[in-house]
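For reference, the structure discussed in these notes is given below.
Everything numeric in this text was worked out from a predicted model, so none of it was measured.
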Amino acid sequence: MNKHPEIEVKNLTKNINSKQILIDINLKLNHKSHLVIIGGSGAGKSMLMKCILGLQSLSGGKVLFKGDNVGIENKRAEFLMKIGVCFQGNALFDSYKVWENIAFEKIYAKQAMSRKKARDNAIAKLLEVGLPKETADLYPFELSGGMQKRVGIARAIFSSPDILFFDEPTTGLDPLMSRKIIALIKEIMSNSMKSAITITHDINLALSLASEIILLHEGHVEWSGLKTQISQTRSKLIKEFLKGTIK
């Protein structure tokens, strides 16, 4: 039995100049749980993920990984080795082949994996996300948006991380491809039994993937709870969000 949550955020605040972007955020990601953070544009979702990942400094509070403060240098390094991130814009390098993008961290690490082993492992991940092995030697600009998204997911799962982060995984995709990507993420989570945090403005994605949901509004947590509880809320804001009236 795990003693600590996979990730715990305690009293996190983020200020830029005199503006409060995030206000006293508290959350927990439990083992084998999928936490989905929803909210309208400007709610603070992306900033919260950046703060958790260490891409933005904190103005207050702390982020814990299995009970340890990731603000401590050696603990942060351990944390980064245990996570995989699928970025909103995919963040693929057009000058590298698809397999090199997927295995990038391992082939350019200090203790690098052999290119043959990295390519073989990358192809295995391509197959896992539903792309043919021939995709490995293409370049990202030769792929459709949906294929690029799958490559981004393949890179996120390449090192079999303990925790996955998905940043707006359906943004820019048509409804059919969005449903396919949601189904793929659900399958990956079911097969791997990992933990995940997803940020999105898409309530359908949230209801499809989440075990727990947090609604951010103007930088603070408006509501949090199990997915099964959200339809029973009395919060007017959540009801409006569920109707799709908050963009």
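Side-chain atoms of Asn17 never come within 3.5 Å of backbone atoms of Lys19 as a donor-acceptor pair (strictly under, hydrogens ignored). Judged by distance alone, the side chain of Thr13 and the main-chain N or O of Asp24 form no donor-acceptor pair under 3.5 Å. One N or O on the side chain of Thr200 and one on the backbone of Asp202 form a donor-acceptor pair closer than 3.5 Å. With Asn26 contributing its side chain and Asn11 its backbone, the two residues share a donor-acceptor pair below 3.5 Å. Without hydrogens or angle criteria, Ser192 side chain to Ile188 main chain gives a donor-acceptor distance under 3.5 Å. Proximity of a side-chain donor or acceptor of Arg155 to a complementary backbone N or O of Glu105 within less than 3.5 Å is not detected. Between the side chain of Asn15 and the backbone N or O of Ser18, no donor-acceptor pair lies under 3.5 Å.
Here the side chains of Lys75 and Phe65 are not in contact, with every heavy-atom distance at 4.5 Å or above. Looking at heavy atoms from C-beta onward, Leu207 lies in side-chain contact with Ile230 at the 4.5 angstrom threshold. Here the side chains of Met81 and Pro161 are not in contact, with every heavy-atom distance at 4.5 Å or above. At a threshold of 4.5 Å between non-hydrogen side-chain atoms, the residues Lys186 and Ser208 count as touching. Side-chain contact between Met47 and Gln56 is present, with at least one heavy-atom pair separated by less than 4.5 Å. Inter-residue side-chain proximity for Phe165 and Ile7 is flagged as met; some heavy-atom pair is nearer than 4.5 Å. You'll find the side chain of Val36 reaches within 4.5 Å of the side chain of Thr198, heavy atoms only. Two residues are said to be in side-chain contact when any heavy atoms from C-beta on lie closer than 4.5 Å; Ile214 and Trp223 fail this criterion.
Linking Ile, Leu, Val, Met, Phe, Trp and Tyr whenever their side-chain heavy atoms come within less than 4.5 Å puts Ile21 and Leu53 in one cluster. Residues Phe87 and Phe166 do not share a hydrophobic cluster, clusters being chains of Ile/Leu/Val/Met/Phe/Trp/Tyr side chains in contact below 4.5 Å. Follow the hydrophobic side-chain contacts under 4.5 Å out from Leu58 and you reach Ile37 in the same cluster. Two different hydrophobic clusters hold Ile23 and Leu216 under the rule that ILVMFWY side chains link at heavy-atom gaps under 4.5 Å. Residues Leu12 and Val70 fall within the same hydrophobic cluster, defined by Ile, Leu, Val, Met, Phe, Trp and Tyr side chains chained together at heavy-atom separations under 4.5 Å.
Using a 4.0 Å cut-off between charged nitrogen and carboxylate oxygen, Lys45 and Asp167 do not count as a salt-bridge pair.
Interatomic distance, CG of Asn101 versus CG of Asp94, reported as 8.0 Å (0.5 Å rounding). A distance of 7.0 Å separates CD1 in Ile185 from NE2 in His34, rounded to the nearest 0.5 Å. Once rounded to the nearest 0.5 Å, the distance linking CD of Glu8 with CD1 of Ile52 reads 11.5 Å. In this structure, Ile83 CD1 and Glu78 CD are separated by 12.0 Å, a value rounded to the nearest 0.5 Å.
Smallest separation of non-hydrogen atoms from Lys28 and Pro5: CD-CG, 4.0 Å. Annotation for Gly44 and Leu22: closest pair O-CD2, 3.5 Å, computed over non-hydrogen atoms. The shortest heavy-atom contact between Leu173 and Ser178 is O-OG, 3.5 Å. Shortest non-hydrogen contact noted between Ile181 and Pro169 is CG2-O, 3.9 Å.
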| task | Go through the steps for Lys97 and Glu100 under the test salt bridge (charged side-chain N to carboxylate O under 4.0 Å, His left out), then give the verdict. | result | CA-CA 5 Å; Lys97 292 180 179 180; Glu100 292 173 311; over 6 Å; no

| request: Start with the C-alpha distance between Asn30 and Glu212, add both sets of side-chain angles, then the distance that settles side chain to side chain contact (heavy atoms under 4.5 Å, CB included), and finish with yes or no. | output: CA-CA 10 Å; Asn30 295 308; Glu212 298 174 60; 3.5 Å; yes

| Verdict with reasoning, Leu27 to Val221, per side chain to side chain contact (heavy atoms under 4.5 Å, CB included) | CA-CA 9 Å; Leu27 63 83; Val221 176; over 6 Å; no

| Hey, mind stepping through Asp162 and Lys66 against side chain to side chain contact (heavy atoms under 4.5 Å, CB included) and telling me if it holds? | CA-CA 11 Å; Asp162 291 344; Lys66 297 183 179 181; 3.1 Å; yes

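Dense packing is recorded around NZ of Lys227, with more than 12 heavy atoms of other residues, nucleotides or ligands lying under 6.0 Å away.
For residues 143-154, the set of pairs meeting the side-chain hydrogen bond (donor to acceptor under 3.5 Å, both in side chains) definition, not counting sequence neighbours, comprises Asn90-Lys149.
When hydrophobic residues (I, L, V, M, F, W, Y) are linked wherever their side-chain heavy atoms come within less than 4.5 Å, the members clustered with Phe141 are Tyr139.
Between the side chains of Ser33 and Ser195, no donor-acceptor pair of N or O atoms lies under 3.5 Å.
Taking the six-membered ring where tryptophan is involved, the planes of Phe93 and Phe104 are tilted, since the angle between them lies from 30° to 60°.
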